[in-house]
Amino acid sequence: MRWWFTPMPLGRIAALRTLAYLFIPLDVFVFTPWVRQHADISTRLYEPMVVGRLLHLPAPTHSFVLTIQWVMVVVAVIAATGRAPRILGVAVFLLYGEWMVIAMSYGKVDHDRYAYLVLLALLPTIGAARHGERETSEAAGFAVRSTQLAVVLTYFLSSWAKIRFGGWNWPTGAIFERAIVRRGTFLSNWLLHYPHVLEVGQFAMVAFELSSPLILLARSDRARYVVVAVMLGFHLMTFGALTIIFLPHLVAITAFLPLERVRPVVWVRSRVGRAVDRSPILTPTPD
Amino acid sequence: MTGKATRLGLAGGVVVVTLFGTLHGQDDWFPFGPFRMYSTRDSPHAPVTSTLMQGITSAGRRITINGTETGLRRAEVEGQLGRFEREPALLATIADAYQRRHSGARLGAVEIVVRNYDLTNGAATGHYTQKLLARWTRS
């Protein structure tokens with residue numbers, strides 16, 4: 001219980017806000033453009049999920065998708081500055097929630113953003129926070145801890161899903177072989193000839209996922225850097241082999257890092273200031 | 001801090017729903033559904049299936065249509081495969097989407113085919129067979 005409310009610096013919340021909210025325009029226009037491409041698909045192919053049916057959400061027409069997209073991007077960019085964190089934070093959460101309904105209601109659901117959604121839901125529960133602010137709060141701790149827990153649940157429960165849908169013998173299947181046949185890269189295609197290496201990989205993956213709760217035991221800064229590096233390594237490997245990367249999940253993972261030490265505004269100012277000092281054009285000698 | 005009990009209550013609720021979703025939910029429980037990406041087991045002795053969408057252009061050329069050309073990803077085509085097989089006329093929506101994304105280019109036909117890639121003891125042999133699953137022709 002005390003773990004869940006460990007006071008955390010508000011500076012980390014400010015950094016997470018900037019990161020999580022600036023991620024949205026990148027997500028929309030660069031990383032997952034297929035979501036906005038649903039605007040061009042007939043609503044006949046829209047298959048509402050439980051949340052869409054419960055809330056009677058409208059079928060996403062072309063103009064509806066584009067409206068949500070632009071409103072969400074503008075609100076997210078303003079929210080990234082830290083202004084009106086509660087109202088704008090709730091607005092971003094609701095808009096991104098609808099964006100996810102547009103994304104996942106056409107026959108395929110992804111599992112790369114559970115922890116990111118938890119982070120978006122919790123950022124508005126904390127008041128104003130400035131970059132680098134060292135003052136701590138229990139509300140900030142709750143948001144950070146819950147996001148960390150959601151990261152771990154994503155790994156742990158995907159093993160559970162493998163047991164449920166694949167059975168206890170999942171690791172001896174041809175899962176990676178199939179994945180590489182369907183979407184291999186120059187880094188992974190050679191592995192098609194070594195199914196037993198892939199089988200070992202499958203055992204390793206389940207072992208990693210089942211032991212993921214240990215991540216929460218990392219107490220020192222150093223231990224936290226190590227677990228973040230392990231998680232990052234896992235996702236980069238998957239990207240190299242299959243071009244699948246859990247980017248929103250990686251944003252949530254930054255909640256493990258001491259982001260309160262990052263002070264982008266101070267850094268930019270000092271950089272700009274130095275450049276100005278050095279520049280002969282901007283600092284002419286008085287005559 | 002005020003609201004500690006509220007926070008704990010809500011967090012507990014979310015955890016319980018998430019666990020329940022993993023145990024009994026389906027994909028459409030998102031975001032509380034099971035994390036089932038790559039969770040099914042593929043037999044090392046059965047072929048690997050991969051569907052693809054093909055179209056016939058107005059010039060009569062056969063082309064393979066990828067997800068970004070219509071807005072519907074391969075996994076989404078596979079997720080709705082049953083519907084397309086029962087009602088091939090739905091493929092007209094794919095031709096419409098293609099037209100919208102290719103400044104008016106009209107397709108005369110759209111097909112979904114499945115390729116079965118052979119595996120021997122879990123290793124791909126490089127051979128595949130192909131089968132037509134659904135076809136729509138512009139009338």
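Just so you know, these numbers come straight off a predicted model, no measurement behind them. Proteins come first, then strands; the chains are lettered A, B, ... in the order of their sequence lines, and each starts at number 1.
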Student: Given a strict heavy-atom distance threshold of 4.5 Å, which part of A/Trp4 is in contact with chain B: side chain, backbone, both, or neither?
Tutor: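 Contact with chain B: side chain only.
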Student: Between A/Arg182 and B/Asp42, is there a side-chain N and carboxylate O pair less than 4.0 Å apart?
Tutor: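 No, no charged N to carboxylate O under 4.0 Å.
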Student: Let's test your reading of the structure: which of B/Ala92, B/Ala97, B/Pro34 forms the most heavy-atom pairs below 4.5 Å with chain A?
Tutor: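 Answer, by heavy-atom pair count under 4.5 Å with chain A: B/Pro34.
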Student: Can B/Asp96 and B/Arg101 be counted as an ion pair, charged N to O under 4.0 angstrom?
Tutor: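 No.
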Student: Mind checking whether B/Phe32 and A/Tyr114 have parallel, tilted or perpendicular rings, split at 30° and 60°?
Tutor: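 B/Phe32 and A/Tyr114: perpendicular rings.
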Student: Which bit of A/Asn169 is near chain B, if near means a heavy-atom gap under 4.5 Å: side chain, backbone, both or neither?
Tutor: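 For A/Asn169, the contact with chain B is made by backbone and side chain together.
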Student: Does the ring centre of A/Phe239 sit less than 6.0 Å away from the ring centre of A/Phe246?
Tutor: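 When the ring centroids of A/Phe246 and A/Phe239 are compared, they turn out to be at least 6.0 Å apart.
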Student: Look at B/Glu87 together with A/Arg44 and state whether they make a salt bridge at an N to O cut-off of under 4.0 Å.
Tutor: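 Answer for the salt bridge query: yes.
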Student: Measure from NZ or CZ of A/Lys162 to the centre of the six-membered ring of B/Tyr38 and say whether it is under 6.0 Å with the direction within 45° of the ring axis.
Tutor: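 Cation-pi check for A/Lys162 and B/Tyr38: fails.
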Student: For residues 202-209 of chain A, give me every residue with a non-hydrogen atom less than 4.5 Å from any non-hydrogen atom of chain B.
Tutor: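 At a heavy-atom separation under 4.5 Å, chain B is reached by no residue of residues 202-209 of chain A.
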Student: Closer than 4.0 angstrom, basic N to acidic O: yes or no for A/Glu138 and A/Arg145?
Tutor: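 Salt bridge flag = no for A/Arg145 with A/Glu138.
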Student: Ignoring hydrogens and geometry beyond distance, is a side-chain donor-acceptor pair present between A/Thr243 and A/Arg183 at under 3.5 Å?
Tutor: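 Yes.
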Student: So for A/Ala103, is it side chain, backbone, both, or neither that comes closer than 4.5 Å to the heavy atoms of chain B?
Tutor: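 Answer is backbone: N, CA, C or O of A/Ala103 sit under 4.5 Å from chain B.
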Student: Select, from A/Val35, A/Ile41, A/Thr125, the one with the greatest count of heavy-atom pairs under 4.5 Å involving chain B.
Tutor: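 Result: the option with the highest number of such pairs is A/Ile41.
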Student: So for A/Ile175, is it side chain, backbone, both, or neither that comes closer than 4.5 Å to the heavy atoms of chain B?
Tutor: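 Looking at A/Ile175, backbone and side chain both touch chain B.
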Student: Return the option, out of A/Asp110, A/Ile180, A/Val101, A/Val51, with the maximum number of heavy-atom pairs under 4.5 Å with chain B.
Tutor: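 Max contact count across the listed options: A/Asp110.
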Student: Please determine if B/Arg62 and B/Glu111 form a salt bridge, counting it only when a charged side-chain N lies under 4.0 Å from a carboxylate O.
Tutor: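 Salt bridge between B/Arg62 and B/Glu111, a charged N being under 4.0 Å from a carboxylate O: yes.
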Student: Tell me yes or no: between the side chains of A/Arg113 and A/Tyr96, is some donor less than 3.5 Å from an acceptor?
Tutor: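 Present: a donor and an acceptor within the cut-off.
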Student: Is B/Tyr98 close to chain A through its backbone or its side chain, or both, or neither, when contacts mean heavy atoms under 4.5 Å?
Tutor: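 For B/Tyr98, neither part sits under 4.5 Å from chain A.
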Student: Between B/Leu23 and chain A, which part of the residue has a heavy atom less than 4.5 Å away: side chain, backbone, both or neither?
Tutor: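 For B/Leu23, the contact with chain A is made by backbone and side chain together.
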Student: Please rank A/Gly167, A/Ser105, A/Ala179, A/Pro48 by heavy-atom pairs under 4.5 Å with chain B and give me the top one.
Tutor: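 Among the listed options, the one with the most contacts to chain B is A/Ala179.
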Student: Ion pair present between A/Arg53 and B/Asp28, side-chain N to carboxylate O less than 4.0 angstrom?
Tutor: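 Salt bridge: yes.
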Student: Need one label for B/Arg83: side chain, backbone, both or neither, based on atoms under 4.5 Å from any heavy atom in chain A.
Tutor: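 Just the side chain, heavy atoms under 4.5 Å.
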Student: Can you see which heavy atom on A/Val181 is nearest to which on B/Ala124, and at what distance?
Tutor: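 Heavy atoms only, the tightest pair is CG2-CB, 3.9 Å.
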Student: Decide side chain to side chain donor-acceptor pair (under 3.5 Å) for B/Glu78 and B/Thr51; before the verdict, give the C-alpha distance in whole Å, the side-chain angles of both, and the deciding distance to 0.1 Å.
Tutor: CA-CA 7 Å; B/Glu78 291 175 339; B/Thr51 59; 2.9 Å; yes
Student: Is A/Ala39 in contact with chain B via its backbone, its side chain, both, or neither, using a 4.5 Å heavy-atom distance?
Tutor: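 Answer is backbone: N, CA, C or O of A/Ala39 sit under 4.5 Å from chain B.
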Student: Give, as side chain, backbone, both or neither, the part of B/Leu119 having an atom under 4.5 angstrom from any heavy atom of chain A.
Tutor: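 When you check distances to chain A, only side chain atoms of B/Leu119 fall under 4.5 Å.
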Student: Measuring heavy-atom distances to chain A, does B/Arg36 have an atom under 4.5 Å in its side chain, in its backbone, in both, or in neither?
Tutor: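 Its backbone and side chain both get close to chain A.
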Student: Which atom pair, heavy atoms only, marks the closest approach of B/Val15 to A/Leu149?
Tutor: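 Looking at all heavy atoms of both residues, the closest pair is CG2-CD2, 4.4 Å.
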Student: Looking at A/Met100, A/His193, A/His38, which one has more heavy-atom pairs under 4.5 Å with chain B than the rest?
Tutor: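 Highest number of pairs under 4.5 Å: A/His38.
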Student: With only heavy atoms counted, which part of B/Tyr117 is less than 4.5 Å from chain A, the side chain, the backbone, both or neither?
Tutor: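 Answer is side chain: those atoms of B/Tyr117 sit under 4.5 Å from chain A.
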Student: Between A/Leu198 and chain B, with a heavy-atom cut-off of 4.5 Å, which part of the residue counts as in contact: side chain, backbone, both or neither?
Tutor: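 Nothing of A/Leu198, per the 4.5 Å heavy-atom cut-off to chain B.
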Student: Given that the side chain runs from C-beta out, which part of B/Thr40 has a heavy atom under 4.5 Å from chain A: side chain, backbone, both or neither?
Tutor: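 Both parts, heavy atoms under 4.5 Å.
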Student: Is chain B contacted by the side chain of A/Leu54, its backbone, both, or neither, given a heavy-atom distance below 4.5 Å?
Tutor: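 Interface part for A/Leu54: neither.
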Student: For chain B, which candidate among A/Val118, A/Asp112, A/Leu192, A/Leu157 shows the most heavy-atom pairs at distances under 4.5 Å?
Tutor: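 Heavy-atom pair counts peak at A/Leu157.
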Student: Please confirm whether B/Phe35 and A/Tyr155 have ring centers closer than 6.0 angstrom.
Tutor: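 Distance test on ring centres: not under 6.0 Å, no.
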Student: Under 4.5 Å from any heavy atom of chain B, what part of A/Thr172 do you find: side chain, backbone, both or neither?
Tutor: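 When you check distances to chain B, atoms from both the backbone and side chain of A/Thr172 fall under 4.5 Å.
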Student: Answer yes if the side chains of B/Thr49 and B/Asn116 hold a donor-acceptor pair under 3.5 Å, and no otherwise.
Tutor: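 No pair is found: no donor N or O on one side chain lies under 3.5 Å from an acceptor on the other.
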